[in-house]
Amino acid sequence: MSITWTSIQKQRFQELNASEILQEMCFETQSERDRAYQEQEHLLVVRGKQKLQEMLETARRPPLSVLEQQLAEALTKKGFVQVVTPTIISKTALAKMSVSDDHPLFSQVFWLDSKRCLRPMLAPNLYTLWKDLLRLWEKPIRIFEIGICYRKESKGSLHLNEFTMLNLTELGLPEDQRHQRLEELAALVMDTVGIDDYQLESESSVVYGDTLDVVFKGIELGSSAMGPHPLDDQWGIFDPWVGIGFGLERLLMIKEGSQNVQSMSRSLTYLNGVRLNI
Ligand code: ATP
Ligand code: MG
């Protein structure tokens, strides 16, 4: 039982989002394998066409847009206010996040010119809004954004150059409630998505120091941070806060049992998680 799929067969199965079990099958002979390939490839193509047909007849919207709406509804119901901020940000704003020349994230930034880039994260804009909203609203200030972030990544099944981040923040809560609040916010998001089998793990982040990550079978779905934090000074923020950021494509990948984030992303090759060359 030592004959495995050829690399072309393997690649096709990955494109078609075949299960891990299928991708790891072994055979006695090549002809047995090739017969199995033809059968399984056909089944996956049929399944893909069914999913596209269902999309045409029922949902009519991409899973990414549906999830975005579900999250916005769940969060506004809990008192969070949605904000929409620019995707183009200044080098100065990035530097205030400590992301400057010698920082690991710096080399991942898409620059438009010497002073402006596409945002690799939502935090600088949310920090900016916090400062004004603190004057205008009572604490705690609860805001969130769902928007595109851009990072140069070497390709892999978990990373996209453009992905959709949800960043959920609460500013001005009692300091001793921060940990519990982060757990509640993580649970709120994961319940809304429909993933219950997740863990919270301590991590150390290049931007935020020690963070609490939301993890599913070793895959990072979200990262959280809390303040007071060394960066806060730069933004004129002195109150305690918590914040948590999720990648929507990763959430969908886990929810839909798919093998890569590409199938859930902004795409010309996938629709509704289905590869279009079927
Ligand atoms: P990783 O270590 O997996 O590269 P990260 O720690 O750099 O992720 P964060 O800056 O903590 O990512 O961003 C918060 C969330 O955004 C991550 O938990 C992940 O779900 C998502 N995310 C980050 N980078 C990408 C990417 N390139 N493509 C898709 N999702 C991403
Ligand atoms: Mg992280």
Side-chain angles (χ1 to χ4, degrees), residues 17 62-65 67-68 70-71 75 85 87 89 93-94 96-100 103-110 117-127 144-169 182-183 185-190 192-195 197-227 229 231 241-267 269-270 273:
N17 250 326
L64 194 56
S65 308
L67 179 60
E68 187 173 332
Q70 287 168 337
L71 288 166
L75 295 172
T85 69
T87 51
I89 63 171
L94 211 55
K96 280 166 84 174
M97 293 302 297
S98 86
V99 180
S100 40
H103 192 282
L105 241 183
F106 194 78
S107 60
Q108 292 188 269
V109 174
F110 286 97
C117 66
L118 297 175
R119 63 184 178 191
M121 54 174 64
L122 302 176
N125 290 351
L126 298 181
Y127 260 125
F144 72 96
E145 175 157 15
I146 302 173
I148 308 182
C149 292
Y150 301 85
R151 293 182 192 179
K152 291 182 187 168
E153 304 273 6
S154 42
K155 288 268 171 185
S157 63
L158 293 177
H159 290 95
L160 296 159
N161 282 333
E162 48 184 297
F163 62 98
T164 317
M165 179 97 86
L166 159 67
N167 200 334
L168 174 58
T169 67
L182 275 178
E183 287 182 18
L185 296 180
L188 173 60
V189 170
M190 299 308 272
T192 306
V193 181
I195 303 171
D197 184 16
Y198 65 92
Q199 294 84 44
L200 296 174
E201 285 176 6
S202 291
E203 272 289 328
S204 117
S205 148
V206 284
V207 176
Y208 300 106
D210 284 337
T211 66
L212 195 66
D213 278 3
V214 181
V215 177
F216 178 89
K217 293 193 179 147
I219 298 174
E220 182 190 314
L221 301 180
S223 265
S224 62
M226 53 173 87
H229 186 281
L231 290 177
W241 58 267
V242 292
I244 181 160
F246 289 91
L248 263 54
E249 293 83 359
R250 285 202 198 166
L251 292 172
L252 281 171
M253 173 181 117
I254 299 307
K255 186 191 169 201
E256 305 280 329
S258 104
Q259 307 294 317
N260 58 63
V261 277
Q262 285 72 24
S263 61
M264 295 299 159
S265 68
R266 294 173 172 266
S267 180
T269 47
Y270 286 95

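Start at 1 and go down the list; that is how both ligands and their atoms are numbered.
Applying the 4.0 Å criterion to heavy atoms of G222 picks out, from ligand 1, the atoms 18 (O). Below 4.0 Å from some heavy atom of G245 lie the following atoms of ligand 1, by number and element: 14 (C), 15 (C). Close approach of ligand 1 to L160 (heavy-atom distance below 4.0 Å) involves ligand atoms 26 (C), 27 (N), 28 (N), 29 (C).
By the 3.5 Å distance cut-off applied to N or O atoms, E249 is not counted among the residues near ligand 1.
Between R151, M253, M121, it is R151 that holds the heavy atom closest to atom 12 (O) of ligand 1. Taking each of F163, Y150, F246 in turn, the one with a heavy atom nearest to atom 30 (N) of ligand 1 proves to be F163.
Not counting sequence neighbours, the partners of F106 by the ring-ring contact (aromatic ring centres under 6.0 Å, His included) test are W111. Residues satisfying the salt bridge (charged side-chain N to carboxylate O under 4.0 Å, His left out) test with E68, not counting sequence neighbours, are none.
Taking CD1 of I89 as the start and NZ of K96 as the end, the distance is 11.5 Å to the nearest 0.5 Å. In this structure, CG in L158 is found 9.5 Å from CD in E220, a value given to the nearest 0.5 Å.
Residue contact annotation: S223 places an N/O/S atom under 2.8 Å from the Mg ion (ligand 2). E220 lies close to the Mg ion (ligand 2), since one of its N, O or S atoms is found at a distance under 2.8 Å.
Using the six-membered ring where Trp is involved, W241 and H229 have ring planes that are tilted, between 30° and 60° apart.
Counted by atom type alone, S265 and E162 present zero donor-acceptor pairs between their side chains at under 3.5 Å.
Under 4.0 Å from ligand 1, the heavy atoms of M165 that appear belong solely to its side chain. With a heavy-atom cut-off of 4.0 Å, L158 touches ligand 1 through its backbone alone. When heavy-atom distances to ligand 1 are checked against a 4.0 Å cut-off, L221 comes that close only through its backbone atoms N, CA, C and O. Looking at E220 against ligand 1, both its backbone and its side chain come within 4.0 Å, counting heavy atoms. Using a 4.0 Å cut-off between heavy atoms, R250 contacts ligand 1 through its side chain alone, with no backbone atom that close.
In this structure, V261 and S157 have side chains that are not in contact, with every pair of non-hydrogen atoms separated by 4.5 Å or more.
Using modelled atom types, no side-chain atom of E201 and backbone atom of V215 make a donor-acceptor pair closer than 3.5 Å.
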(message) Let's go through V189 and I244 carefully: what are the C-alpha distance in whole Å and the side-chain angles of both, what is the deciding distance for side-chain contact (heavy atoms from CB on, under 4.5 Å) to 0.1 Å, and is it a yes or a no?
(response) CA-CA 10 Å; V189 170; I244 181 160; 5.7 Å; no

